[in-house]
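Please read the structure below before turning to the comments.
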Amino acid sequence: MMELFKLFVSARSVTVTLADGGLYSTKKPYRLTLNGEDAGMADTVVTSLYGLWPDTKYTLRVWDGDKLAAKLSFHTKEESCTLNVRRFGAVGDGAHDDTAAIQAAITCCPKQGRVLIPEGLYRVKPLFLKSHISLEIARGATLQLETDRSLFPILPGMTRSTDDTEDYNLGSWEGNPLDMFAALLTGVEVKDVLIYGQGVADGMAQQSDWWQNHKVKRGAFRGRMLFLCRCRDITVQGVTFRNSPAWNLHPYFSHDLRFLNVTVQAPADSPNTDGFDPESCRDVLAAGVRFSLGDDCIAIKSGKIYMGETYATPCENIDIVHCLMENGHGGVTVGSEMAGGVKNVRVRECVMRHTDRGLRIKTRRGRGKNGVIDGIVFDRVEMEQVGAPFVVNSLYFCDPDGHSDYVQSLEPQVVDDRTPTVGHVAFRHVNATGVACAGYFLGLPERPIGKVSMEHVNIACAPDARPMQPAMADCVPRCVRKGVVARNVAHLLMKDVLITGYEGEKVECERVGCLEEA
Amino acid sequence: MTDLRAGMQSFLKEYTPGDSLALEGCIGLYSATGDGRYRESVLQGLAERAWEDTDGMALLFALDETGEPRYEEAVRALMKRVQERMLTRAAMSPEELHGMMPLMMACEMRFDRMAHVGDVAAQFRLARALFYDEGAGLYLSGSENTLRDEGLFLAALIDCIDLCSQELYEHWRALVDLFREAVRGLMPYQDKSTGLFRRHDEQAVADAAPELSGSALTAYALLKGARLGVLDPEKYVPLARNALTGLAAVQPLEDSRDAGAYMLAWAEYLRTARESSEVKHDGAV
């Protein structure tokens, strides 16, 4: 039996949830019809349809063979007009610089209008969004980003106000307000924008350009594929983003965001190509997103200590559902830049495959008192060949002083304004296979992790798993076939937790206030 | 500017830098002009006297220019002494801050994995806590040369800001905020007619002499702050240039103790002129 829900409707597209019990993929493929006409097959729980007509009533039927499995009616939104970028002079031949033409179309687009990038290869430099428009990257269309950084505009990190009382922040790099190159698509204080379609946005990055000497700032820090700065009501639907210079999708101090059926790709050895990094954002939905990358698939952030103290804006109310994370360092990561706090994160009905870690919380001394991580929940998640399904690391050795005594000390330090907090993290109905280390929870001796709940969890350590360092801290050795390790945790609840294939203790505890097993 | 330039050039022909500030002035002029004579002045200056604890930046320069191990040994030994001094949590004088903190910052970036950058910022915060007068908007360290001390403090801050990695943003920003506050506090003390800065307790004294080295150091700090983007160049470069113009009008340079401050300011002006095409418009440069 299936339930069919509408997730999002625009003038020309719809995203629905085919809830048949599958997580990312449906349990079987289904045939779709729209107003009686063939609409292709669906094999993902979150499915989008394109090419619809504005202001039209549609009835979507889902067929299991010849049997009607579900039905849903919806009405597409209105559209004022369509501006085809070709009419603005875009050539789309892969040689011509189409930046000006596409930017002109965006800038001139009226409210509720649609900028259409039809099939073709469009070489572009960074483009800037505008409020109240849709931008369609159609099937067969590819935006190819220039790789010569000397041609890129820079977004300054901080600009002082004329009366010298405030700052105007644009650029950001790894949690600090620093100069960065503009993204392929940048939005600054825009609202009500839809970026959608079956086309591709290609950052064209390679080891010979953006990814070479990637830690060195050359002109500015590397840009993203999509950067949304103080935006709201933004939807990204269906587009494939690949080969980003650095992080891919970076909404920043934004809210009311939806990322639906997006695909994010980068080679496994590409540096810092995180898939989706909401930073100090709230009310964010990622549904049916597929990741295959060189760094964390999803990394939920809220800045380093300056931003955390000055703006105190947590990342909160983040829903990640029916997503597929492959090949990254972490499936869902919180931090390491979390100085503004991260709260109410729900990861539900997702699949993680061949990621180094499943849930990964990274923090360290120095992130500050506003750096509170709380209410992180994993529910119904399948992890296949994931080295360490659950990691909470409060001694993460990041930043230039990451290996200093202050950050790495195992002795209790003074609790002060620099001390972060990890509250409650919960894992329910999680199955993990191919595991090296079942769980590693490393709190601060002076401020232990509040509570770790593991309920209805099955973890199978692989006999041939590769040794790994589950938590990147100086005190954590490489390990394999390891059970759960908990150090500096106030309350560890393990209810119906089955771990197989481990050697030694099922649970190693050091300074755990309460271990509750059932 | 003509008088200052001519005056500087004739002065430097016979001048061997005799103190830390003058050594840094020569380093600044070498950086601004590429003229090897300034480089030689630094190396000769170090060769002809016993090294002091405020010579750190000159020793670092000599190390980079010559690669000689004795300079690295001296820098590391000095760094250790300064670290021990900082551990005492005793406040440093503006002379010590200027002489030691930029060296500490440079060494943190180079040798010490940036583990103690926060300590450098803390040292400046300590100075603020002890010496900053909110009413006057000035750092009053209790010495007679109030404006020279204020200038040294500003110069120390902007030099550390220049050296500190922005990726340690909270520390970099702490230094910038202190710098901006100090600059704002000092601006009311600039004489609009002469461009020079007057000692705070001489505002009411019509014929009191303005402090030259303090004005020069302030001009240096304003120009460098504008160049680094932490001060608005549209606002502060003209004010700094007014101070330099005022200095040129007060020639000749009689107190050799002021030489270093002059050289630093002049070098920074040359860099600003080069990077903003002011050379073409100023004519005198």
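Keep in mind that this is a model prediction, so the values were computed, not measured.
The CG atom of A/Asp179 lies 6.5 Å from the CD atom of B/Gln166; values are rounded to the nearest 0.5 Å. In this structure, the separation between OH on A/Tyr306 and CG on B/Asp177 is 5.5 Å, given to the nearest 0.5 Å. For the atom pair A/Ser404 OG and B/Met114 CE, the distance stands at 12.0 Å (nearest 0.5 Å). Between A/Ile305 atom CD1 and B/Glu170 atom CD the span is 6.0 Å, to the nearest 0.5 Å. To the nearest 0.5 Å, atom CG of residue A/Asp399 and atom OH of residue B/Tyr169 are 15.0 Å apart.
Other residues, nucleotides and ligands contribute at most 12 non-hydrogen atoms within 6.0 Å of the CD atom of B/Glu234. In this structure, A/Asp405 places its CG atom where only 12 or fewer heavy-atom neighbours from other residues, nucleotides or ligands lie under 6.0 Å away.
For chain B, the nearby parts of A/Asp164 are the backbone and the side chain; heavy atoms of each come within less than 4.5 Å. In this structure, the portion of A/Asp167 lying under 4.5 Å from any heavy atom of chain B is its side chain and not its backbone. In this structure, chain B has heavy atoms under 4.5 Å from both the backbone and the side chain of A/Pro177. Of the atoms belonging to A/Tyr406, not a single heavy atom falls under 4.5 Å from chain B. In this structure, the portion of A/Met158 lying under 4.5 Å from any heavy atom of chain B is its side chain and not its backbone.
Between the side chain of A/Asn176 and the backbone N or O of B/Glu167 there is at least one donor-acceptor pair closer than 3.5 Å.
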